[in-house]
Amino acid sequence: MRDFQLWNLMQERDEEAFATLYHNYVDALYAYGLHLGYHAEDVEDAIHDLFVSLYHKRGQYPTVQNVKVYLLIALKNTLLNRLPKAKMEILNPELHDQLEDSLEELWIHQEERGLKRELLKEGITHLSPRQKQVLYFRYYKTMSFKQIAEEMQINTQSAKNIAQTAVKKLKTYFSVLWFILCFFY
């Protein structure tokens with residue numbers, strides 16, 4: 001299950017999704033807090049505070065596409081709000097700057113993914129209803145071609161052909177769009 005799906009389930013008060021998010025990110029958050037220069041005990045307390053806050057305010061958070069970035073920023077804010085600056089030790093200022101840069105790169109990557117997602121949505125509008133249906137079953141429902149064929153009451157090879165034609169059409173759409181963007185901008 002993807003992180004944003006876990007996030008949405010956690011928002012709906014799913015205890016297992018909450019626990020999974022915690023286990024998926026506790027080590028990365030701990031390492032990030034240490035790299036920011038905070039003491040281990042302070043990082044542990046901040047992570048605890050962050051997840052207690054998430055638990056108590058479930059359902060009040062926005063929809064999040066990149067859970068990791070959201071949690072890293074939330075931890076950093078928790079640390080900054082929780083501890084006076086005097087308790088922070090910058091063990092390696094260059095490493096701190098690199099982490100700041102990498103967080104910025106994550107935001108940029110997230111924006112690029114959002115743009116690609118929007119372009120994909122636009123490209124999908126150029127597909128036939130059957131092509132959309134096959135791609136939906138294949139990539140969103142993760143169904144096999146055999147399952148798709150049974151669902152759509154067609155043979156397996158037809159399902160494969162429809163999917164292949166749809167993907168080719170999307171590739172052509174993106175190639176033309178890329179050419180236009182490069183040529184005119």
Side-chain angles (χ1 to χ4, degrees), residues 1-32 50-51 54-75 102-185:
M1 185 174 294
R2 293 186 171 168
D3 290 340
F4 72 89
Q5 293 168 319
L6 287 170
W7 180 268
N8 291 338
L9 288 172
M10 183 267 301
Q11 290 285 65
E12 297 169 4
R13 303 194 179 276
D14 184 313
E15 301 284 333
E16 189 175 325
F18 178 81
T20 303
L21 279 174
Y22 176 83
H23 290 292
N24 286 354
Y25 288 107
V26 69
D27 293 334
L29 291 169
Y30 182 74
Y32 181 66
L50 170 62
F51 278 93
L54 286 173
Y55 186 83
H56 288 298
K57 295 180 182 178
R58 290 174 297 171
Q60 298 176 21
Y61 288 96
T63 301
V64 173
Q65 293 299 320
N66 192 327
V67 176
K68 184 176 185 176
V69 171
Y70 186 89
L71 290 174
L72 289 172
I73 293 168
L75 176 64
S102 67
L103 191 55
E104 188 173 322
E105 288 171 11
L106 281 172
W107 286 327
I108 291 169
H109 181 67
Q110 183 179 0
E111 288 298 316
E112 288 174 349
R113 281 194 357 217
L115 177 61
K116 287 177 184 175
R117 191 176 298 114
E118 290 303 315
L119 290 174
L120 181 60
K121 284 180 185 177
E122 174 63 28
I124 289 173
T125 64
H126 298 286
L127 299 177
S128 72
R130 285 179 67 127
Q131 289 171 328
K132 289 177 188 176
Q133 189 176 21
V134 168
L135 291 182
Y136 174 77
F137 287 144
R138 181 71 178 157
Y139 297 105
Y140 289 100
K141 295 288 188 172
T142 61
M143 294 170 66
S144 70
F145 285 114
K146 183 178 180 182
Q147 291 170 321
I148 294 169
E150 290 170 3
E151 182 72 28
M152 294 180 68
Q153 298 176 347
I154 58 176
N155 67 45
T156 304
Q157 188 59 47
S158 294
K160 290 178 181 179
N161 292 345
I162 292 169
Q164 184 178 19
T165 304
V167 170
K168 282 182 181 178
K169 198 171 189 179
L170 287 173
K171 284 182 179 179
T172 302
Y173 173 77
F174 289 122
S175 296
V176 169
L177 187 62
W178 180 251
F179 175 76
I180 291 169
L181 288 173
C182 290
F183 187 73
F184 291 106
Y185 295 98

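Predicted model only: the values in this text are computed from it and were never measured. Computed from heavy atoms alone, side chains included, the values below leave out hydrogens, waters and symmetry copies.
In this structure, Q60 places its CD atom where more than 12 heavy-atom neighbours from other residues, nucleotides or ligands lie under 6.0 Å away. Around CZ of R58, the count of heavy atoms belonging to other residues, nucleotides or ligands within 6.0 Å exceeds 12. More than 12 heavy atoms of other shown residues, nucleotides or ligands fall within 6.0 angstrom of atom NZ in K132. Within 6.0 Å of OH on Y70 lie more than 12 heavy atoms contributed by other residues, nucleotides or ligands.
Distance check, rounded to the nearest 0.5 Å: CG of L127 to CD1 of I162 gives 11.5 Å. Atom CZ of F18 and atom CG of L9 lie 13.5 Å apart (nearest 0.5 Å). Once rounded to the nearest 0.5 Å, the distance linking CG of L75 with CZ of F51 reads 9.0 Å. Residue M143 holds its CE atom at 8.0 Å from CD of E150, rounded to the nearest 0.5 Å. For the atom pair CZ of R13 and OH of Y55, the computed distance is 8.0 Å after rounding to the nearest 0.5 Å. Put simply, NZ on K141 and CD on Q147 are 11.5 Å apart, with the number rounded to the nearest 0.5 Å.
The heavy-atom pair separating L135 from A166 by the smallest distance is CD1-CB, 3.7 Å. For the pair I148 and A159, the tightest heavy-atom approach, listed with the atom from each and the gap, is CG2-CB, 4.0 Å. Among all heavy-atom pairs drawn from A163 and V134, the shortest one is CB-CG1, 3.6 Å.
With L21 as the partner, the side chain to side chain contact (heavy atoms under 4.5 Å, CB included) test is satisfied by one option alone out of V67, V26, L54: V67.
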Inset, instruction - Begin from the C-alpha positions of N161 and Q157 and carry the test side-chain hydrogen bond (donor to acceptor under 3.5 Å, both in side chains) through to its verdict. - result: CA-CA 6 Å; N161 292 345; Q157 188 59 47; 2.9 Å; yes
Legend entry - Check against side chain to side chain contact (heavy atoms under 4.5 Å, CB included), L6 and M10: CA-CA 6 Å; L6 287 170; M10 183 267 301; over 6 Å; no
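At distances below 3.5 Å, at least one donor-acceptor pair connects side-chain atoms of K169 with backbone N or O atoms of H126.
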